[in-house]
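Just so it is clear, the model here is predicted, and its values are computed rather than measured. Just so it is clear, the values below take in all heavy atoms, side chains as well, and ignore hydrogens, waters and symmetry mates.
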Amino acid sequence: MDAREADYAQFVRTRTHALLRSAYLLTGDQHLAEDLVQEALARTHRAWQRLERVENAEAYARKVMYHAQVSFWRRPKVAEVLPADFEPDRSPGADDHADAAVERLVLRRALLTLSPKQRAVIVLRFFEDHTEAESAQLLGVSVSTVKTQTARALDRLRALLPDLSVLTEVPEAGR
Amino acid sequence: MTAEHDRLRDSLRDLADVAEPTDMYDRAMHRSRRIARKETAIGTGAAVLVLVALGSGLWQIPNSKQQNIPVAGAPQPSWSSSPSAAATAESPGAEPTETTEQSSGSAGRPSRHHGGPAQAPPTVKPKSRTLADLPGHVFYTGRGSNPDVVRMSPGRGRSQVVLSNAPSSVGISPDGLRIAYVTDGKLMVNSSDGEVKQVASDVQASSQAPVWSPEGGRLLVAAASSPGVLDLESGAITALPEPLASGQHFRWSGDGSTLVYATSYCGLKVAGSEDGTSASVPVLGDRQLQDNPDELAACKPTSVDATGRRVTVPLQSTGESTTGTDTADAVVDTATGDLAVLPVAGTVVGAVFDPEGNLLVRTENDGKTMLSLFDSGNALKVQAEEPSSVRGLDLLAYTR
């Protein structure tokens with residue numbers, strides 16, 4: 001393995017989990033997340049010679065990943081969620097609101113009801129903490145599109161998760 | 001930054017923790033090699049040849065290699081002994097503006113053995129850009145288990161579900177009016193007039209979808225685990241000749257003379273439909289790197305042209321044991337194993353022949369999904385945007 005390939009291998013092994021975390025939020029499924037990251041890493045490998053620094057490589061991989069998920073991914077997929085699956089367990093004694101596992105499940109299901117682009121802006125803005133401008137640049141859309149998609153996504157999440165008070169406010173404009 | 005924002009971020013991070021660490025290096029490298037195979041640029045000289053052939057409808061013209069490769073049972077194309085005459089022989093119905101004679105015997109596309117598949121050439125101009133001009137019916141299937149099968153009839157401007165919750169892989173009759181499938185071992189045929197009829201029992205569809213013969217009177221099925229041909233009129237099933245018994249995913253050529261099928265190692269074979277003698281399609285599934293440097297494989301042919309000369313497949317890599325999709329994204333020359341370079345823009349997400357040898361190609365590009373219909377002479381007849389009613393479905397079949 002030459003030095004260039006060794007650098008790439010090191011990049012993959014150190015940054016894959018970070019990419020998988022974002023991909024999981026985008027797809028809601030471990031296997032689909034791996035598929036998405038595989039595509040991003042593979043295309044990063046194809047471009048590796050042009051990428052001078054690892055930071056550039058990760059940015060490139062993330063850009064590929066988001067584009068793949070929202071625009072040209074050959075088979076856009078997310079984990080299946082059925083309407084009947086959505087209602088959280090409210091049975092007495094379930095104590096689900098105090099249960100982190102249930103919260104994760106409910107949030108995951110809610111995210112999966114969003115469109116790919118809406119899910120992407122939520123992940124970019126709230127998970128990766130990108131500004132609207134950065135999110136727009138990553139997705140290749142206008143800032144106004146990011147604003148619109150974020151607002152619609154939050155509206156949707158509020159409707160689905162009225163108890164999830166964390167979604168009651170939009171981040172400051174421009175952040 | 002508000003407390004609410006922090007809570008939302010925490011919730012998302014908590015959810016992201018569900019993602020398990022995985023070593024993706026090997027998978028990424030494997031995928032990278034596959035991308036490279038599809039995107040490898042041809043050499044400058046070969047590129048010039050491709051450009052010369054642009055718009056000529058010669059994007060699948062073979063080179064002289066095929067002369068020495070037997071294809072048992074398949075009728076030899078008229079150009080096989082006269083490569084320079086291939087253009088005229090292959091394009092009797094071509095539009096003058098789209099199809100021109102090739103001036104020499106040079107290949108319109110490069111051999112994979114000398115630099116990989118060519119880049120897709122620029123698109124050619126279609127005769128029509130109106131979807132309604134696309135004749136016949138286009139069939140789609142949903143994804144996942146028990147998908148719906150949808151028939152889109154461009155001329156009539158409508159799409160309709162022709163089989164809900166398909167219990168197995170299905171076969172669409174050449175006239176597009178009947179659909180065969182297997183449920184609980186029973187081979188069923190639904191007709192467009194609403195008739196549902198059981199035509200055989202003890203049939204399984206996992207390794208062999210019901211496949212209609214070109215004239216529509218027979219079905220090739222896996223009966224008692226062995227492939228056989230059901231005569232719909234008599235109900236008799238005739239087993240395929242013994243050498244073909246281990247084959248799977250058989251498909252008929254449009255003239256009925258040839259069967260193309262997959263081997264257990266994801267190679268392809270071509271056989272005479274009567275005598276059962278067969279020959280391997282070169283390259284695909286070959287584990288010798290010197291013979292198959294791109295590690296190409298095809299586990300499931302999905303359609304064959306009129307003569308058995310070309311077949312559509314989901315392109316895979318050696319070592320993959322099952323198909324990730326039933327939808328073809330490549331056209332393979334059965335004589336040479338070469339991949340056709342389709343003159344379409346974007347990513348090919350579906351390709352299928354009808355029995356007459358017309359090739360329907362589905363592509364995605366800039367958020368649009370397009371359908372391109374090439375006739376048997378490779379002239380582009382229709383290219384139009386696909387209706388949104390079939391978005392999210394996979395291309396299954398194209399019939400008259």
Problem set entry | Partners passing ring-ring contact (aromatic ring centres under 6.0 Å, His included) against Y8(A) (at least two apart in sequence or in another chain) |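 H45(A), W48(A).
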
Problem set entry | Residue pair E386(B), R391(B): steps toward the salt bridge (Lys or Arg N to Asp or Glu O under 4.0 Å) verdict | CA-CA 8 Å; E386(B) 188 180 69; R391(B) 190 167 297 158; over 6 Å; no

Problem set entry | chain B contact via L20(A) - which portion, at a heavy-atom distance below 4.5 Å |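 Both parts, heavy atoms under 4.5 Å.
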
Exercise. Of the listed residues (L19(A), L105(A), T16(A)), which shares the most heavy-atom pairs with chain B below a 4.5 Å separation?
Worked result: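 Maximum pair count with chain B is reached by T16(A).
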
Problem set entry | Under 4.5 Å from a heavy atom of chain A, the part of D14(B) involved |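 Both the backbone and the side chain of D14(B) come within 4.5 Å of chain A.
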
Problem set entry | Residue N365(B) versus chain A: region with a heavy atom under 4.5 Å |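 For N365(B), there is no contact with chain A at all, as no heavy atom is under 4.5 Å.
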
For this session: Return the minimal non-hydrogen interatomic distance between M152(B) and S159(B), and the atom names on each side.
Result: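 Nearest pair, atom of M152(B) first, then S159(B): CG-OG, 3.1 Å.
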
Exercise. R27(B): what forms a side-chain hydrogen bond (donor to acceptor under 3.5 Å, both in side chains) with it, not counting sequence neighbours?
Worked result: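 R27(B): side-chain hydrogen bond (donor to acceptor under 3.5 Å, both in side chains) contacts with E34(A), D35(A), Q38(A).
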
